[in-house]
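Here the structure is a predicted model, which is why all the values come from computation and not from measurement. When a ligand or atom number is given, it counts from 1 through the structure's own listing order.
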Amino acid sequence: MSHAELDQTAKSILIENDQGGYTIPTKGLYPYQWNWDSVFVALGFATFDQDRAWREVEMLFEGQWRDGMVPHILFRKDDPSYFPGPSVWGTDGGPIPSSGHSQPPVAATVIRDLVNADPSGKALERAAGLLPNLMNWHRWYLTYRDPKGQGVLAVIHPWESGRDNLPDWDEALRAVEVKDIGPYERKDTSHVDPAMRPHKEDYDRYLSIMAACRSVDWDPAEVARTCPFFVADPGVTFIFLRANRDLLALAEQLGKAEEAEEIRGWISRMEAGARTLWHEDLKAHVGVDQRSGKMTDGISSAAFLAPYAGLTGAETLGALQTHFDRIAGKVRYLMPSYDPDHQSYEPLRYWRGPVWAMINYMIARGFAEAGDQLRAEKLRADTADLIATSGFAEYFSPETGVGAGGGTFSWTAAIWLAWASPSHSQQAA
Ligand code: GLC
């Protein structure tokens, strides 16, 4: 397929997965609106329909909870092909049935991109409408996912990280007691090969965490205090730090001095906190189990998001470039979700090795902003090759490039349109 044909296919995937203002990640496996999927999808729509891009993000915020949280899934209509559905979550925090925790807050960054892409000023007006929502969501993150003010954000469930099955969660997850779950039937393994999905022992614990949070009615302060899983994550932390920089730029552009001042405080707090995730021996940022105090021992693709977060000090950048080149020498396609030299690496099991297009996009953006165009371009070219060879899959093997998980995937299509497609970079040049 030519690049122009791939552009066309990517557009039709977004249009096909559009449910009337919001987009599902893929039919069957993920039949609802997912938080960060929608935000990346907006970038894709913005390449051919700005209004539709805004609609996507606005519909996500329609599901914002009273306490400020923006849920990871909005269950706008019941779909029996997905488990766990709304009745298992048992939440009551917002206007739309939803899951009970959030997902990485990329929204402020993408909203700023949408504003920058529209010189007419209309986009800025729409951004003004969402500014209070963004402020509340970010405040919620700081209050309930960093209750001690350490400048790092924890996730209360592996799914909150968006990198669901990462080896970083293994030890903390094993410490979760399996209880209050009853018999259940998974649906994911009927859509895709079980060899690529989490094991049953993991699923039991995913559901046990949900049961524990349900027992405190998803009260965020209680969840922060008692949830059996509470792990500081470099992924969410870096994405949030970056999002705050973009939110600050938006607040300044909109003349919101008070908000801007508040956000500046958040940025300093997060910059200081991020340092505590630095693993001296590994020379990379890792997770920290807030319950046991233990650091995780592997390098995930999120470590490479430090420059995206604006952390471009020589030591950090140099160490990441060394890791980058070492990993590039091991696998054909970057960036594997977990270090191929780590014992937990598996090239095709979900988040334990495979490559995701939108992670590559964010890493490349950070590297380019830090002045490392070469490595940024390697990421773009690898992403383009993967898609050209294997189609718009959910994720890809870093070794063979084979596509896996769900097919006709929205965020893969969106990232192609917004960044990876060579025709896009030709237009931009
Ligand atoms: C999986 C991914 C998550 C994503 C969702 C929908 O759960 O781990 O990041 O949002 O699928 O694509």
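F240 and Y141 get closest at one heavy-atom pair: CE1-CB, 3.9 Å.
With no hydrogens or angles considered, a side-chain donor-acceptor pair links D297 and H342 at under 3.5 Å.
For R365 and E369, the salt-bridge test passes: some basic side-chain N is under 4.0 Å from an acidic carboxylate O.
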Hey, can you pull the donor-acceptor pairs under 3.5 Å for the side chains in residues 405-413, sequence neighbours left out?
{"residue": "S410", "atom": "OG", "partner": "N17", "partner atom": "ND2", "Å": "2.9"}
{"residue": "S410", "atom": "OG", "partner": "I24", "partner atom": "O", "Å": "2.7"}
{"residue": "S410", "atom": "OG", "partner": "P25", "partner atom": "O", "Å": "3.2"}
{"residue": "T412", "atom": "OG1", "partner": "A393", "partner atom": "O", "Å": "2.7"}

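Of the candidates F229, Y206, W351, Y206 is the only one forming a ring pair (Phe, Tyr, Trp, His ring centres under 6.0 Å) with W159.
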Kindly print each ligand 1 N/O atom paired with any protein N/O atom under 3.5 angstrom away, one pair per line, or none if nothing qualifies.
{"residue": "ligand 1", "atom": "7 (O)", "partner": "D164", "partner atom": "OD2", "Å": "2.7"}
{"residue": "ligand 1", "atom": "7 (O)", "partner": "Y350", "partner atom": "OH", "Å": "2.9"}
{"residue": "ligand 1", "atom": "8 (O)", "partner": "G162", "partner atom": "O", "Å": "3.2"}
{"residue": "ligand 1", "atom": "8 (O)", "partner": "D164", "partner atom": "OD1", "Å": "2.7"}
{"residue": "ligand 1", "atom": "8 (O)", "partner": "D164", "partner atom": "OD2", "Å": "3.2"}
{"residue": "ligand 1", "atom": "8 (O)", "partner": "Y350", "partner atom": "OH", "Å": "3.2"}
{"residue": "ligand 1", "atom": "8 (O)", "partner": "W351", "partner atom": "NE1", "Å": "2.8"}
{"residue": "ligand 1", "atom": "9 (O)", "partner": "W36", "partner atom": "NE1", "Å": "3.0"}
{"residue": "ligand 1", "atom": "9 (O)", "partner": "G162", "partner atom": "O", "Å": "2.5"}
{"residue": "ligand 1", "atom": "10 (O)", "partner": "W36", "partner atom": "NE1", "Å": "3.2"}
{"residue": "ligand 1", "atom": "10 (O)", "partner": "D37", "partner atom": "OD1", "Å": "2.6"}
{"residue": "ligand 1", "atom": "10 (O)", "partner": "Q103", "partner atom": "NE2", "Å": "2.9"}
{"residue": "ligand 1", "atom": "11 (O)", "partner": "Y30", "partner atom": "OH", "Å": "3.2"}
{"residue": "ligand 1", "atom": "12 (O)", "partner": "D37", "partner atom": "OD2", "Å": "2.6"}

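Between the side chain of H191 and the backbone N or O of S81, at least one donor-acceptor pair lies under 3.5 Å.
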